[in-house]
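First the structure, in the form of structure tokens, and then the observations on it.
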Amino acid sequence: MSPSAAIDFGASNTDVVVRDGHVTRHWTLPSEGQPDEARVRRVLDAGGVSPHDFAWIAVTGGNRALLPQTIDDRVLHRVDEVRAIGRGGLALADLESALVTSAGSGTACVAATLNDAHHVTGTGVGGGTLVGLGRLLLDTVDPREIDALAQRGSDTTHNLTIAEVLGGAIGSLPPETTAVNFGRVARHPVSASREDTAAALVNMVGQVIAVIAINAARAQPLPHVVIVGHLTDLKSIRRVFGLVAKFYGATILTPEAGGSATAMGALLTTERVLRTGA
């Protein structure tokens, strides 16, 4: 198998996956500017490689159409982002079909099989929301800091529970489930720490994504929900996904290295096209 590379130009992060034989590497850089030849060279150089090292390079993500057809005589294969999300999520989760949700700056839900992928739904709530509101509420744009704060805080300082609003459980949702995000502070001022505010913020972002993903999977219908993207790097977010899945009787898988999913999907999709023509 000839060495190959794939680059996912995301809104917040640029992810690179390189495969040489049975060895696969992945690295991430912050996204800066529009994709062009110089940027391709920079992101590859961050991993100690150059276009010359590969038989071909797959590209996906935002504005990939701006890139040239070749760099140093290496063809750049453009891969539809939805197809890359679906194929990469399935590969990381070792599944043949699933509702693959890419939780990056925003969130996209893709119904995926090994042969097909199509966009189902999504939301503007994602990692960009977490960081943007982190700036406004916590005076930080560092996702790791928000994550660490959230793990030490209590979301109910800001949130109202179902028990408080309805007096008890509703359906499969236990009394401690969030009924109104930031509902308590909407009623009156509260004494909340940065940790509590971070916990409420993470809770809201995670719940929105998880509920949309579960409902989309059931509407398709698909038996599995896989959530990938760099938002899954955060332990506090994964905890919220797990709670929502439990409350709704669903299973949400968050594979390791979820941020690599779209780049991996672009690589696998291109390998298949070159091998089979489809």
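Values in this document were obtained by computation on a predicted structure and should not be read as measured data.
Put simply, the side chain of Ser172 does not reach to within 4.5 Å of the side chain of Lys246, judged on heavy atoms. In this structure, Val202 and Leu130 have side chains that are in contact, with non-hydrogen atoms separated by less than 4.5 Å. Put simply, the side chain of Val125 does not reach to within 4.5 Å of the side chain of Thr107, judged on heavy atoms. Contact annotation: the side chain of Arg42 never approaches that of Leu29 to less than 4.5 Å [non-hydrogen atoms, C-beta and beyond]. Counting heavy atoms from C-beta outward, Glu164 and Asn159 have side chains that stay 4.5 Å or more apart. In this structure the side chain of Val40 never reaches within 4.5 angstrom of the side chain of Pro35, judged on heavy atoms. For the pair Pro3 and Val18, the minimum side-chain heavy-atom distance is 4.5 Å or more.
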- Could you walk me through whether Arg239 and Asp147 pass salt bridge (charged side-chain N to carboxylate O under 4.0 Å, His left out), step by step? CA-CA 11 Å; Arg239 176 182 175 276; Asp147 183 38; over 6 Å; no
- Could you walk me through whether Thr140 and Glu145 pass the side-chain hydrogen bond (donor to acceptor under 3.5 Å, both in side chains) check? CA-CA 8 Å; Thr140 181; Glu145 182 180 2; 2.7 Å; yes
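The side chain to side chain contact (heavy atoms under 4.5 Å, CB included) test with Thr197 singles out one residue from Leu133, Leu137, Ile146, and that residue is Leu137. When each of Thr101, Leu243, Val225, Ile209 is paired with Ile252, the side chain to side chain contact (heavy atoms under 4.5 Å, CB included) condition holds for Val225 and for no other. Just one of Asp8, Thr14, Asp15 meets the side chain to side chain donor-acceptor pair (under 3.5 Å) condition when paired with Thr28; it is Asp15.
Looking at Thr123, its side chain never comes within 3.5 Å of a backbone N or O of Ile212 through a donor-acceptor pair. A donor-acceptor contact shorter than 3.5 Å is absent between the side chain of Thr276 and the backbone of Val273. At least one donor-acceptor pair closer than 3.5 Å links the side chain of Asp142 to the backbone N or O of Arg144.
Salt-bridge formation is not detected for the pair Asp196/Arg184: no Lys NZ or Arg NE/NH1/NH2 atom is positioned less than 4.0 Å from an Asp or Glu carboxylate oxygen. Ion pair Glu271/Arg19 flagged as a salt bridge, since at least one NZ, NE, NH1 or NH2 atom sits closer than 4.0 Å to an Asp/Glu carboxylate oxygen.
Taking a 6.0 Å sphere around CD of Glu96, one finds it holds 12 or fewer heavy atoms contributed by other residues, nucleotides or ligands. Counting heavy atoms of neighbouring residues, nucleotides and ligands inside a 6.0 Å radius, atom CD1 of Ile170 does not exceed 12 of them. Residue Arg272 places its CZ atom among more than 12 non-hydrogen atoms of other residues, nucleotides or ligands, all under 6.0 Å distant.
The aromatic rings of Phe182 and His158 lie tilted to each other, with the angle between the two planes from 30° to 60°.
Ile227 approaches Ala103 most closely through the heavy-atom pair CG2-CB, 4.0 Å. Nearest approach of Arg78 to Pro68, heavy atoms of both residues: NH2-O, 3.2 Å.
Separation of atoms CG (Leu253) and OG1 (Thr232) is listed at 11.5 Å; rounding is to 0.5 Å. To the nearest 0.5 Å, atom OG of residue Ser97 and atom CG of residue Leu90 are 7.0 Å apart. Distance OG1/Thr157 to CD/Glu195: 10.5 Å, rounded to 0.5 Å. How far OG1 of Thr60 is from CZ of Phe9: 10.0 Å, rounded to the nearest 0.5 Å. Between the OG1 atom in Thr177 and the CZ atom in Phe247 there is a gap of 4.0 Å [rounded to 0.5 Å]. Atoms CG and CD, from Asn63 and Gln34 in turn, are 4.5 Å apart once rounded to the nearest 0.5 Å.
Side chains of Thr178 and Gln207: a donor on one and an acceptor on the other come within 3.5 Å. Defined by atom type and a distance below 3.5 Å, a donor-acceptor pair is missing between the side-chain atoms of Ser31 and Ser12.
Grouping the Ile, Leu, Val, Met, Phe, Trp and Tyr side chains by contacts below 4.5 angstrom, directly or via other members, places Phe241 with Met204. No continuous path of ILVMFWY side-chain contacts below 4.5 Å connects Val79 to Trp56, so the two sit in separate hydrophobic clusters.
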